[in-house]
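Have a look at the structure below before the remarks.
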Amino acid sequence: MPSEPIEQSGEFTMLEYRTLFVGGVQAAPLSANSITVRSASTGQVIGSVPAASEADVDAAVAAAGRALSDRGGWGGWSPAQRADVLDRLASELEARGEEIAARVAQQNGMPISTALAIEAAIPVAVFRYYAALVRNTEFEELRPGVLGGEAHVRRVPVGVVGAIIPWNYPNLLTAFKVAPALAAGCAVVLKPSPETTLDTYLFAEAVQQAGVPAGVINIVTGGADIGRYLVSHPGVDKVTFTGSTAVGREIGARCGELLRPVTLELGGKSAAIILEDADLALHAEGLFQATLLNNGQTCVANTRILAPRSRYDEVVDFFAEMVKGARVGDPLLPETQIGPLVSDKHRQRVEHYIARGVADGARLVAGGGRPMDREHGWFVEPTLFADVDPGSVIAQEEIFGPVLSVMPYESVADAVRIANDTSYGLAGTIWTADLAAAHEIAHAVDSGTFGINYYMLDPVAPFGGIKASGLGRELGPEGLAACLQPRTTYLPPA
Ligand code: NAD
């Protein structure tokens, strides 16, 4: 069945899909239910896709299993052959980059400049990185034993990977999960978030064009129930999840019961530490990206800004200007810096936190409402709070919107203490001219990743969190290792 959108209307293309990507083809779904997708900036319906049933998940998991077990199956391909497929998939994604970026911007409100730089470009880099990595990875090793014999260690694919992703960076997170899994020789059943399913049809198209063997990648649509079903499915060998900490705990518990390997990339509440000598004007762009990227719908957003007491007022003024000056608008326009939030429900959540900040006595410096010139869509003004109590709700809980809190600190040790006073541990930054001090502070902050005068993850390095931010790592050789299982054969002394 075709995967082409079938209905056109005046200003935009209504994307109405009737198939699911299972077993290498766009197949008729086994249920008649559908998921409606809306534009974040207008609230209008922009498309619909089938809602997968449990039977569709069964079919997808079975297709993935067959892709591995068939004679000459994917897991048995040489690393170089798999690398060629990954490279071809990277090129197919690259060719669709603009279209992917536009779909994401429409669905979740991500400004198109961000969507092009991240959603379109980084997945290509991630697939190419893993292609190069597996070409240079030894999957077998003979180790001389210390007890006289030898150990033959093989690293084999873990099997069928159930991958569940959120709506905030759908293509990026698809690449984080699919690229290392395929590089390792695993097959994947991917479940995107219902809010961002339209872009997955472009991904499926790229997969088909790249010649990825049938069943190696399958996509099932749906919400929590289909996610739960996939996590517990007997044909799934490993689960990898990105999303909220609450759901991550539930998935972790279920995988614990099943003794099923799991990787969890969860929420964050990271700090940007401004040192006495920081040149704020020099770092204006970097500070914007670190704090407000994708309208604050970013797990690594540095939403707690820690300012030295001596420069507190200046830092508050600097961020007030940044927030007030941010260009809020249609995410499809290149000049837009802040778009709408993903859904009405999510906006209500963010607004609840803004009200809570005010009720708890924080000083609302800028924003706090809805932009006057935006009648439709789920916009919230970029918002700045000052005088925020580090223990208060808005300083402790992940808001996932364009809401920043500035807090003063008395000494560097105090700044590190406040930065670490959170249940999360995903990211953070330091802004200073003193690089030696910066490295020391980077090591003192408890988090999986950290940036000095900059924050952008890179495919070569492990990415992930500690504490309530998750378990395990993606990207880098560590992300590949998480999709492999070592198996040992002991050999007698010669
Ligand atoms: P969410 O946890 O509500 O949903 C994430 C995905 O899980 C969706 O596909 C959803 O349908 C599915 N799901 C929901 N309940 C489930 C269940 N019980 N069992 C199985 N699947 C289930 O998160 P969200 O609101 O879509 O995304 C925002 C969250 O994601 C934020 O907390 C953010 O910090 C986090 N996130 C983390 C990272 C990271 O790498 N650490 C990256 C991006 C987003």
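In what follows, every heavy atom counts, from backbone to side chain, and hydrogens, waters and symmetry copies are set aside. Indexing begins at 1, ligand by ligand and atom by atom, following the structure's order. The first residue of the sequence shown is numbered 1, and numbering continues consecutively from there. If you're wondering where the values come from, they're calculated on a predicted model, not measured in any experiment.
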(message) Under 4.0 Å, counting heavy atoms only: does G223 come that close to any atom of ligand 1?
(response) yes
(request) May I ask you to identify the nearest protein heavy atom to atom 21 (N) of ligand 1, giving residue, atom name and distance to one decimal place in Å? (result) G227 CA, 3.6 Å
(message) Return the closest protein heavy atom for atom 28 (C) of ligand 1 as residue, atom name and distance.
(response) F400 CE2, 3.5 Å
(message) If the cut-off is 4.0 Å to any non-hydrogen atom of P192, which atoms of ligand 1 fall inside it?
(response) 9 (O)
(message) Would F463 count as a contact residue for ligand 1, given that I'm defining contact as a non-hydrogen atom of the residue lying under 4.0 Å from a ligand atom?
(response) yes
(request) Please state whether W167 comes within less than 4.0 angstrom of ligand 1, counting heavy atoms only. (result) yes
(message) For the residue pair R374 and F379, would you count it as a cation-pi contact if the rule is NZ or CZ under 6.0 angstrom from the ring centre and within 45 degrees of the ring axis?
(response) yes
(message) Can you confirm, on distance only, whether ligand 1 has an N/O atom lying under 3.5 Å from any N/O atom belonging to N168?
(response) no
(message) Contact between ligand 1 and A246 is defined here as a heavy atom of the residue under 4.0 Å from a ligand atom; is it met?
(response) no
(request) Only heavy atoms count here, so choose which of A163, S232, S244 is nearest to atom 3 (O) of ligand 1. (result) S244
(message) Out of D225, V300, L266, L264, who is nearest to atom 37 (C) of ligand 1 when you count heavy atoms only?
(response) L266
(message) Suppose I only count heavy atoms of E250 and a 4.0 Å limit; which atoms of ligand 1 are within that range?
(response) 18 (N)
(request) Determine whether the side chains of N168 and N108 contain a donor N or O and an acceptor N or O closer than 3.5 Å. (result) no
(request) Return a yes/no value for I164: is any of its N or O atoms, backbone included, closer than 3.5 angstrom to an N or O of ligand 1? (result) no
(message) Is it the case that the side chains of Y424 and E398 hold a donor-acceptor pair, with the cut-off being a distance below 3.5 Å and no angle test?
(response) no
(request) Could you pull out, from G268, G243, C299, the option with a heavy atom nearest to atom 35 (C) of ligand 1? (result) G243
(message) Residue-level breakdown please: for F241 versus ligand 1, do any non-hydrogen atoms fall below 4.0 Å on the side chain, on the backbone, on both, or on neither?
(response) side chain
(request) I would like to know whether L15 and Y201 meet side chain to side chain contact (heavy atoms under 4.5 Å, CB included); could you show each step before the answer? (result) CA-CA 10 Å; L15 299 166; Y201 285 80; over 6 Å; no
(message) Evaluate T245 for polar contact with ligand 1, using N/O atom pairs at a separation under 3.5 Å.
(response) no
(request) Walk me through it: do L475 and Y129 pass the test side chain to side chain contact (heavy atoms under 4.5 Å, CB included)? (result) CA-CA 9 Å; L475 298 182; Y129 166 73; over 6 Å; no
(message) Tell me the closest heavy-atom pair linking I394 and K269, and the distance in Å.
(response) O-NZ, 2.9 Å
(request) Look only at interatomic distance and state if E398 has a nitrogen or oxygen under 3.5 Å from any nitrogen or oxygen of ligand 1. (result) yes
(message) If I compare all heavy atoms of L258 with all of V231, which pair ends up nearest, and what's the gap?
(response) CD1-O, 3.9 Å
(message) Show, in sequence, the C-alpha distance, side-chain angles and deciding distance for K177 and V161, and conclude whether the side chain to side chain contact (heavy atoms under 4.5 Å, CB included) test is met.
(response) CA-CA 9 Å; K177 301 200 176 316; V161 175; over 6 Å; no
(request) Identify the protein heavy atom lying closest to atom 9 (O) of ligand 1, giving its residue, its atom name and the separation to 0.1 Å. (result) I165 O, 2.7 Å
(request) Specify the protein heavy atom at minimum distance from atom 17 (C) of ligand 1: its residue, its atom name, and the distance to 0.1 Å. (result) V247 CG1, 3.6 Å
(message) Using every non-hydrogen atom in the two residues, find where A101 and L116 come nearest and quote the distance to one decimal.
(response) CB-CD2, 3.7 Å
(message) Show me which atoms of ligand 1 lie under 4.0 Å from any heavy atom of L173.
(response) 43 (C)
(message) Tell me the closest heavy-atom pair linking I452 and A438, and the distance in Å.
(response) CG2-CB, 3.7 Å
(request) Starting from atom 27 (O) of ligand 1, locate the nearest protein heavy atom and write down its residue, its atom name and how far away it is, to 0.1 Å. (result) P166 CB, 3.2 Å
(message) Show the nearest heavy-atom pair for residues N420 and D446, with the distance to one decimal.
(response) OD1-N, 2.8 Å
(message) Could you tell me, atom by atom, which parts of ligand 1 come under 4.0 Å of a heavy atom of T242?
(response) 5 (C), 36 (N), 37 (C), 38 (C), 39 (C), 40 (O), 42 (C), 43 (C), 44 (C)
(request) Could you check N302, T429, T449 and say which one makes a side-chain hydrogen bond (donor to acceptor under 3.5 Å, both in side chains) with Y455? (result) T449
(request) Might you check, step by step, whether the distance between atom 11 (O) of ligand 1 and some protein heavy atom is under 4.0 Å? (result) yes
(request) May I ask you to decide if the ring planes of W167 and F400 are parallel, tilted or perpendicular, using 30° and 60° as cut-offs? (result) perpendicular
(message) Looking at non-hydrogen atoms alone, which of A224, G470, G267 comes nearest to atom 14 (C) of ligand 1?
(response) A224
